Student: 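Sharing a structure with you now.
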Amino acid sequence: MAEKLEKASVKIKGMTCAACAARIQKAVGKMPGVKEANVNFATERLNVTYEPEKVSAEDFVKKVRDVGYDVIMDKVELGLKNMSCAACAARIEKALSKAPGVYKAAVNFATETATVEYSSSETSIKNLIKVVRDAGYDAFEKAVVNVDREKQEREREIKNLGRLAVISAMLSAPLLLSMFLNLMGMPGGILYSPWFQLAVSAPVQFIIGFRYYKGAYHALKGGGANMDVLVAMGTSAAFFYSLYNAFTVPIEMIHHYLYFEASAVVITLITFGKYLEAVAKGRTSEAIKKLMGLAPKTARVIREGKETDIPIEEVVEGDIVVVRPGEKIPVDGTIIEGYSSVDESMLTGESIPVEKKVGDLVVGATINKTGTFKFKATKVGKDTVLFQIIKMVEEAQGSKAPIQKLADQISGVFVPAVVVIAAVTFAVWNFIFHDFTAGLINAVSVLVIACPCALGLATPTSVMVGTGKGAEHGVLIKGGEHLERAHKIRAIVLDKTGTITKGEPEVTDVISEGELTPEEILMYAAIAEKNSEHPLGEAIVNKAKQKDMNIVDAEDFMAIPGHGIYAKIQGKDVYLGNRRLMQSKNIDTKDIEELLEKLENEGKTAMIMAMDNKVQGVLAVADTVKDHSRKAISEIKQMGIEVWMITGDNERTAKAIANQVGIDHVLAEVLPEHKAREVEKLKSQGKITAMVGDGINDAPALAAADVGIAIGTGTDVAMEASDITLMSGDLRGIVTAIKLSRATMRNIKQNLFWAFIYNTIGIPFAALGFLSPAIAGAAMAFSSVSVVTNALRLKRFRP
């Protein structure tokens with residue numbers, strides 16, 4: 001029996017660099033029952049795949065706190081009903097504690113209140129109330145302690161860092177001035193006093209710099225080292241060396257031996273850099289904020305015969321919802337009355353409104369433009385398309401691209417290596433050049449300039465912006481690895497029906513080749529296809545309905561995949577399908593070969609109908625090509641990518657469609673179950689291959705491809721099996737996805753280049769004495785900011 005696995009995601013507070021992320025990831029990854037742990041420094045989120053029988057989400061939180069960091073959680077107070085004793089409270093507490101996404105639950109019998117700490121990305125208040133009700137009690141939301149803890153924590157952190165940076169700058173300014181006066185040989189008065197410098201630098205070192213000491217303590221306690229260790233060591237060395245000189249160096253020479261400004265300015269610049277980094281990192285996740293802001297707050301539902309406005313959280317499946325012109329559609333559903341056009345640009349990136357009538361699906365957060373209509377709610381809360389998109393983008397932004405592995409490995413050994421380099425620098429200057437002061441100051445510069453932050457931020461910030469930008473253009477990319485792989489695509493296999501074509505075929509010809517009239521042929525074909533779900537069958541049934549034919553039920557029906565169908569109608573055996581079907585039943589088709597060729601050369605799918613082992617007629621069905629297919633395929637070919645078309649149609653029909661859209665490589669007469677095999681053949685030639693499809697029978701091929709791309713207008717199964725989903729049916733989304741992948745990879749490589757170059761050049765310069773600690777601190781602080789700022793350039797991406 002397969003082991004049951006669950007996923008949890010928690011927001012981490014207190015990380016200062018990639019080494020922190022690596023340590024948390026290592027600590028959680030070693031826990032029993034944890035299959036995979038992934039910490040993303042840019043999103044500050046821990047994602048865990050685990051066995052719930054062996055470990056719980058609360059254990060992860062405890063482990064993170066043990067390592068020296070904190071976890072930000074959503075919190076809610078639930079009012080409880082129907083409790084009769086303390087045992088009831090214990091039962092509810094136990095039920096809530098076991099619920100997915102809940103980290104801690106405490107029930108107070110006296111106040112009839114449950115306080116629950118949970119992750120809003122995994123569960124909702126509505127689900128928590130359901131857990132209580134399933135346990136045999138009732139609950140209601142009493143008070144949300146924090147609606148968006150993560151956002152508020154981020155804003156608080158930015159505000160706090162900004163305040164600390166300003167105070168630190170004010171205290172460091174006189175120290176900086178004394179340094180310049182000393183360099184220029186000018187008198188400095190009280191600014192040269194060691195006690196004045198001690199008085200203004202001590203608060204910077206030990207109050208504003210306390211966060212670095214605290215971080216260093218937890219890092220060393222956990223058996224690792226991070227940026228805080230480097231900053232604490234470097235600034236402490238400069239501070240305490242200056243303090244020692246204040247007591248030992250003659251007063252008239254003292255200002256030449258004070259380095260209080262080095263420690264204070266380094267802390268100031270690093271704190272200011274962290275402030276800018278926090279602001280910039282907040283901007284990288286704007287795509288999520290935009291998506292969340294799309295959801296309407298209320299819905300107008302019909303309850304007890306009256307229209308009532310209720311919070312969107314209270315809408316349940318089956319509710320009849322009324323939407324007027326200009327209003328947002330609150331949840332997903334099916335129109336049961338009325339007609340309108342709907343702006344679905346938030347979903348597909350297409351600005352042209354889509355016409356909607358009875359029976360059509362509508363999606364929550366899209367905008368009703370013209371008419372009033374009623375629809376039946378089919379998906380609410382976490383099941384809506386909008387929520388699934390948000391979830392997918394969140395998971396993608398929290399994932400790691402393979403290119404990040406190198407940076408992670410380097411970050412893991414970076415800090416210890418820098419400490420060694422700093423020690424060697426000090427030893428060389430002190431014991432070979434006999435200059436203790438230069439040795440100490442240069443070692444401090446080495447410690448301060450080297451920081452793994454830029455390396456840790458290089459990849460995830462670009463992935464966050466890239467996946468967010470994709471969502472804005474209707475391209476959902478499931479993770480960093482798929483975003484990275486897409487730029488390597490060298491061959492694309494396009495399914496024909498519903499991908500290149502509209503997937504809405506129409507009957508164009510009904511030709512009699514026997515005793516039956518064209519009307520009789522159409523009627524028998526419609527009866528045979530009545531229970532078929534194939535698009536060609538639907539086209540025949542729709543044509544018969546247009547002619548008001550009486551489509552009775554067949555006495556027997558059987559689908560023959562890749563061939564056609566069989567039905568027994570009024571005691572007669574009817575076969576409807578392609579040549580292969582007729583050949584398998586030994587039905588002669590040579591008399592109609594010329595007709596079949598003519599229809600197929602016109603790009604039509606010819607379906608032969610035989611009754612009692614004799615051909616009676618041919619029905620031709622044509623599926624029109626999507627408006628932008630030719631343009632999209634042309635652009636893909638211009639990018640140096642081979643384009644293949646795969647279809648179950650015969651070769652002539654397939655080539656006719658391929659010629660219309662400019663495709664040179666055609667795989668025709670491929671049975672659904674063999675599509676994956678054809679994709680594997682291309683992969684075996686060493687080509688990174690993408691498969692694009694929209695149907696259930698495309699799912700195996702989508703999974704087999706290096707990159708599976710699903711047309712979002714298709715089935716849920718296809719979307720689940722894919723790596724990238726195009727929310728509109730437009731093939732230009734493929735071009736957008738590949739261009740975005742290339743732009744993101746270019747951006748990541750730029751970030752990694754600058755992060756590596758910065759440290760490669762900066763550390764030797766610092767060791768050789770060409771950088772003062774203050775300049776080194778500024779360079780370190782702004783290296784991370786420059787990487788995040790470069791990632792934000794992706795926001796200007798245009799397909």
Side-chain angles (χ1 to χ4, degrees), residues 11-21 40-45 69-70 72 149-173 175-176 200-201 203-216 226-232 234-235 261-286 289 448-458 460-461 464-465 751 754-755 758 773-793 795:
K11 182 78 174 176
I12 307 292
K13 181 182 178 184
M15 289 194 295
T16 55
C17 68
C20 301
N40 189 312
F41 175 52
T43 59
E44 297 175 330
R45 191 169 282 280
Y69 302 90
D70 203 0
I72 300 171
R149 288 283 295 279
E150 191 176 314
K151 181 183 174 187
Q152 290 187 3
E153 286 287 345
R154 184 170 59 246
E155 288 174 352
R156 189 182 296 120
E157 175 74 356
I158 289 171
K159 195 174 179 181
N160 185 44
L161 283 168
R163 185 174 64 250
L164 290 176
V166 169
I167 295 169
S168 192
M170 290 170 65
L171 290 170
S172 301
L175 297 172
L176 205 57
V200 294
S201 65
V204 177
Q205 184 71 37
F206 300 110
I207 298 175
I208 291 161
F210 175 72
R211 62 192 291 124
Y212 305 113
Y213 282 104
K214 183 183 176 185
N226 63 358
M227 182 206 83
D228 295 323
V229 172
L230 299 179
V231 174
T235 58
E261 89 286 338
S263 65
V265 170
V266 164
I267 287 174
T268 300
L269 288 170
I270 291 171
T271 304
F272 182 60
K274 283 288 167 193
Y275 164 75
L276 293 178
E277 186 185 310
V279 171
K281 276 163 70 177
R283 289 175 58 204
T284 59
S285 59
E286 280 179 4
K289 294 178 210 163
V448 168
I449 197 168
C451 173
C453 288
L455 280 174
L457 290 167
T461 47
M464 285 173 72
V465 179
N751 285 347
W754 287 113
Y758 155 78
I775 294 171
M780 189 272 262
F782 287 103
S783 66
S784 298
V785 177
S786 64
V787 163
V788 179
T789 304
N790 186 52
L792 288 170
R793 288 194 311 112
K795 283 181 171 287

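Keep in mind that what you see is a predicted model, and the values were worked out from it rather than measured.
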Student: Could you check Y212 against L230 for side-chain contact (heavy atoms from CB on, under 4.5 Å), going step by step and ending with a plain yes or no?
Tutor: CA-CA 9 Å; Y212 305 113; L230 299 179; over 6 Å; no
Student: Look up atom CE in M15 and atom CG in D70, then write down how far apart they are to the nearest 0.5 Å.
Tutor: 12.0 Å
Student: Are T235 and S263 close enough that a side-chain donor and a side-chain acceptor fall under 3.5 Å?
Tutor: no
Student: Between V448 and V231, is there a side-chain heavy-atom distance shorter than 4.5 Å?
Tutor: no
Student: Which atom names give the shortest non-hydrogen contact between A165 and T271, and what distance separates them?
Tutor: N-CG2, 3.9 Å
Student: Measure the CG-CD1 distance between L164 and I267 for me, rounded to the nearest 0.5 Å.
Tutor: 11.0 Å
Student: Run the side chain to side chain donor-acceptor pair (under 3.5 Å) test on T268 and S172 for me, step by step, so that the C-alpha distance in whole Å, both residues' side-chain angles and the decisive distance to 0.1 Å come before the verdict.
Tutor: CA-CA 7 Å; T268 300; S172 301; 2.8 Å; yes
Student: Does any non-hydrogen side-chain atom of S201 lie less than 4.5 Å from one of L171?
Tutor: no
Student: Scan side-chain atoms only and decide if Q205 and Y213 contain a donor-acceptor pair under the 3.5 Å cut-off.
Tutor: yes
Student: Nearest 0.5 Å, what's the OG-CD distance between S783 and E277?
Tutor: 8.5 Å
Student: Can you tell if the side chain of K13 reaches within under 4.5 Å of the side chain of E44, non-hydrogen atoms only?
Tutor: no
Student: Please tell me if the side chains of Y758 and I449 come closer than 4.5 Å, counting only heavy atoms from C-beta onward.
Tutor: yes
Student: Got W754 and N790 here, is their nearest side-chain heavy-atom distance under 4.5 Å?
Tutor: no
Student: Nearest heavy-atom pair of L175 and A264: which atoms, and what distance?
Tutor: CD1-CB, 3.6 Å
Student: Got a sec, which residues hit side-chain contact (heavy atoms from CB on, under 4.5 Å) with L176, two or more places apart in sequence or on another chain?
Tutor: M179, F180, V265
Student: L276: what forms a side-chain contact (heavy atoms from CB on, under 4.5 Å) with it, not counting sequence neighbours?
Tutor: F272, F782, V785
Student: Looking at N751 and V787, what are the two nearest heavy atoms and their distance?
Tutor: OD1-O, 3.5 Å
Student: I need the minimum non-hydrogen distance between D228 and G215, along with the two atoms involved.
Tutor: OD2-CA, 3.3 Å
Student: Minimum heavy-atom separation for V266 and P773, please, with both atom names.
Tutor: CG2-O, 3.0 Å
Student: Does E157 come within less than 4.0 Å of R211, counting only side-chain N to carboxylate O?
Tutor: yes
Student: Which atom names give the shortest non-hydrogen contact between I12 and Y69, and what distance separates them?
Tutor: CG2-CB, 4.1 Å
Student: Between the main-chain N or O of T16 and the side-chain N or O of K274, is there a donor-acceptor pair closer than 3.5 Å?
Tutor: yes
Student: Got a sec: does the CZ of F206 have more than 12 other heavy atoms crowding it under 6.0 Å?
Tutor: yes
